[in-house]
Participant: 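To start, I am sharing the structure in question, which I have written as structure tokens.
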Number of protein chains: 2
Amino acid sequence: MLETVTPMKTEASDALSETAQKGDAERRGRKASKEVRQLQLIEATIDSLAKRGYAETTMADVADGAGLSRGIVNFHFESKEKLLIATLQHMYDEYSAHWRTALQKAGDDPARQLQHLVWADFDRSICNKRKLAAWLAFWGEAKSRPTYQALSSSRDAYYQQVFIDLCTTLKQSGGYAYDPQVIALALSAMLEGLWLRLMMGTEDTTRETALQSANAFLASAFPKHYD
Amino acid sequence: MLETVTPMKTEASDALSETAQKGDAERRGRKASKEVRQLQLIEATIDSLAKRGYAETTMADVADGAGLSRGIVNFHFESKEKLLIATLQHMYDEYSAHWRTALQKAGDDPARQLQHLVWADFDRSICNKRKLAAWLAFWGEAKSRPTYQALSSSRDAYYQQVFIDLCTTLKQSGGYAYDPQVIALALSAMLEGLWLRLMMGTEDTTRETALQSANAFLASAFPKHYD
DNA sequence: CCATATTGAATGAATGTTCAACAAATGGTG
DNA sequence: CACCATTTGTTGAACATTCATTCAATATGG
């Protein structure tokens, strides 16, 4: 199962582990490894996207946020566009790795697997104001930028297929009536919709209530599998 | 029930009906009523948002799209920001009027009302590539712009309350177990999530499959009310 | 003729990119 | 180890471009 993870680009997370090795002290020093500096700039980009939105995110703001000079971003990333693509790729990789790990840890029971995938979606490390805001900023631009499209739906075709497969299995073991593909779409759309509400800061939606609603859906769609 | 509609700002839709009265011929003529011209510019703004996204939408592009000169937008709307707010307000009003009308036409049966609300969400007049793309463009900027926040969640607090009320009624008549508030959130989040998929142009989601999934949700959540 | 609408060029501010100068690390050499 | 040369990273100012806004001139309808 981890085999399917490897084909993804994971330079960013490699750089992350390197950060941990070298410690935070060096991050501010003059010399830092290329990957560390790039990651630092990517984090500053996420900050800026979250705070100011896509349209208002400037190179200067990113550089300031990282505590570095103006020209530095064009040195590490060729252009603003490439910085943004690298940032999106980083977030995509992180999200993918997260749900794949969650799935792997869930064991073999499909009901448990589905439950863990739902939980993974609302995990603090993935689902927090800063990152959700950055996601939304990208989504807003995705349809008009072909380069973003493949990366911007954090949940990709493979993710969707996993959902369909799980729903198919549950259908057989529970004797449910509906089309697994249809119910899988309903489920994943609801998860994205709950994210959307969290992103927008709708008052009535918190991480807890969102998770509660997701579980209510599971319970009503698969009554034999969830309490 | 229609009483609750009136307090909303509906200048835009009034202007729309005026368009119909004066016909399309005058739209290109030198003189057109203030409201008609403003609506024309708003439509051009939606076009631009859909085609180029928020960040790339320029005053020049809007003016070109409307077939008018560069300075015209600042004459009718004071600034770019006010043009965008007016556009968002227009879309918000249209969406609100649409679901309220649908609800009104559904009669008194709550199950029927809920079904009609779902249908309304996927009606062609509301749910088409152009408008969905424009919505997404606004959503992407909403969290970082306080002015947008109130208007950008097309489904507002009152809409959500209607859902909760309907779920409460169905719960009583059907003897379901769950918390109406929780299931209402799941339902409305799923609708938004399906919109999101349509917005992003995910291959596996069309207006038909989205509607199918929404209905599957209704059937599994309220089995006694929907075949 | 007056009020109003419209034009399009001028203006100025914001911002992405470039680049010459500078600093720091690296590595080879005596 | 000391010294220098080369590579690599970093800075900040200069540059060019894009774009919202302004406004004087012009056109239009009443």
Side-chain angles (χ1 to χ4, degrees), chain A residues 15 18-19 22-23 25-42 44-45 47-49 51-87 137 141 144-145 147, chain B residues 15 18-19 22-23 25-42 44-45 47-49 51-87 137 141 144-145 147:
Chain A
E18 196 165 356
T19 307
K22 298 200 174 182
E26 198 154 5
R27 190 176 286 185
R28 296 239 156 178
R30 284 274 146 152
K31 184 66 193 306
S33 87
K34 205 154 193 160
E35 280 116 6
V36 170
R37 187 111 300 171
Q38 285 185 355
L39 192 61
Q40 180 185 4
L41 289 170
I42 284 175
T45 305
D47 284 341
S48 183
L49 287 170
K51 197 184 310 163
R52 311 173 41 141
Y54 187 98
E56 301 275 312
T57 286
T58 67
M59 298 290 261
D61 192 52
V62 170
D64 290 354
L68 297 170
S69 74
R70 299 294 155 93
I72 197 68
V73 187
N74 287 82
F75 177 78
H76 285 287
F77 303 88
E78 210 168 314
S79 64
K80 183 183 183 183
E81 191 182 8
K82 291 191 177 168
L83 166 69
L84 289 167
I85 289 172
T87 302
E141 293 293 316
S144 51
R145 312 220 182 196
T147 327
Chain B
E18 195 165 355
T19 307
K22 297 202 172 181
E26 196 155 3
R27 190 175 285 186
R28 296 239 158 179
R30 282 277 147 152
K31 183 69 193 308
S33 87
K34 206 154 192 159
E35 281 116 5
V36 170
R37 188 110 302 170
Q38 285 183 356
L39 192 61
Q40 180 185 3
L41 289 169
I42 284 176
T45 305
D47 284 340
S48 183
L49 286 171
K51 198 184 310 164
R52 311 175 40 142
Y54 187 97
E56 302 276 312
T57 286
T58 68
M59 299 288 262
D61 192 52
V62 170
D64 289 353
L68 298 170
S69 73
R70 299 293 155 95
I72 197 69
V73 187
N74 286 85
F75 177 80
H76 285 287
F77 303 87
E78 208 168 315
S79 64
K80 183 184 182 181
E81 191 181 8
K82 291 192 176 166
L83 166 70
L84 289 167
I85 291 172
T87 303
E141 293 294 315
S144 51
R145 314 222 181 192
T147 327

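Naming: A, B, ... by sequence-line order, numbering from 1 per chain. As the structure is a computational prediction, the values presented were derived from the model and not from experiment.
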Participant: Which residues satisfy the side chain to side chain donor-acceptor pair (under 3.5 Å) test with Thr57(A), sequence neighbours excluded?
Facilitator: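 Result, side chain to side chain donor-acceptor pair (under 3.5 Å) vs Thr57(A): Ser48(A).
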Participant: Given atom NZ of Lys34(B) and atom C1' of dT6(C), what is their separation to the nearest angstrom?
Facilitator: 12 Å
Participant: Rounded to whole angstroms, how far apart are CG on Leu68(A) and P on dC22(C)?
Facilitator: 21 Å
Participant: Residues two or more places apart in sequence or in another chain: which of them pass side chain to side chain contact (heavy atoms under 4.5 Å, CB included) with Asp47(A)?
Facilitator: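 Here the qualifying residues are Arg130(A).
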Participant: By nearest atom, which of the nucleotides dG8(C), dT10(D), dA5(C) is closest to the Phe75(B) side chain?
Facilitator: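 Of the candidates, dA5(C) comes closest.
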Participant: Measure NE2/His76(A) against C1'/dG16(C) and give the value in whole Å, please.
Facilitator: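 The distance from NE2 of His76(A) to C1' of dG16(C) comes to 17 Å, rounded to the nearest Å.
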Participant: Quick one: Leu41(A) CG to dG9(D) C1', roughly how many Å, whole number?
Facilitator: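 Atom CG in Leu41(A) sits about 12 Å away from atom C1' in dG9(D).
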Participant: Rounded to the nearest Å, what distance is computed from the CD atom of residue Gln40(A) to the C1' atom of nucleotide dG9(D)?
Facilitator: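 Whole-Å distance recorded here is 13 Å.
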Participant: Take the protein atom CD of Gln38(A) and the nucleotide atom P of dT10(D), then report the distance between them rounded to whole Å.
Facilitator: 10 Å
Participant: Got a sec, which residues hit side chain to side chain donor-acceptor pair (under 3.5 Å) with Lys51(A), two or more places apart in sequence or on another chain?
Facilitator: none
Participant: Taking all non-hydrogen atoms of both residues into account, name the closest pair between Gly65(A) and Ala44(A) and its distance.
Facilitator: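 Scanning both residues, the minimum pair turns out to be C-CB, 4.2 Å.
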Participant: Tabulate protein N/O versus nucleotide N/O from nucleotides 18-23 of chain D, keeping only pairs under 3.5 Å, one per line.
Facilitator:
residue, atom, partner, partner atom, Å
dA20(D), OP1, Lys80(B), NZ, 2.8
dA20(D), OP2, Met59(B), N, 2.9
dT21(D), OP2, Asn74(B), ND2, 3.3
dT21(D), OP2, Lys80(B), N, 2.8

Participant: Return the set of residues passing side chain to side chain contact (heavy atoms under 4.5 Å, CB included) with Thr147(A) (not counting sequence neighbours), or none when no residue passes.
Facilitator: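 Partners of Thr147(A) by the side chain to side chain contact (heavy atoms under 4.5 Å, CB included) criterion, ordered by chain and then number, come out as Glu81(A), Ile85(A).
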Participant: Among all residues two or more places apart in sequence or in another chain, which pass the side chain to side chain contact (heavy atoms under 4.5 Å, CB included) test with Ala55(A)?
Facilitator: Tyr54(B), Ala55(B), Glu141(B), Arg145(B)
Participant: Would you kindly give the CZ-to-P distance between Arg37(B) and dT28(D), to the nearest whole Å?
Facilitator: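 Rounding to the nearest Å, CZ of Arg37(B) and P of dT28(D) are 13 Å apart.
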Participant: When the distance from CZ of Phe77(A) to C1' of dG16(C) is rounded to whole Å, what number comes out?
Facilitator: 16 Å
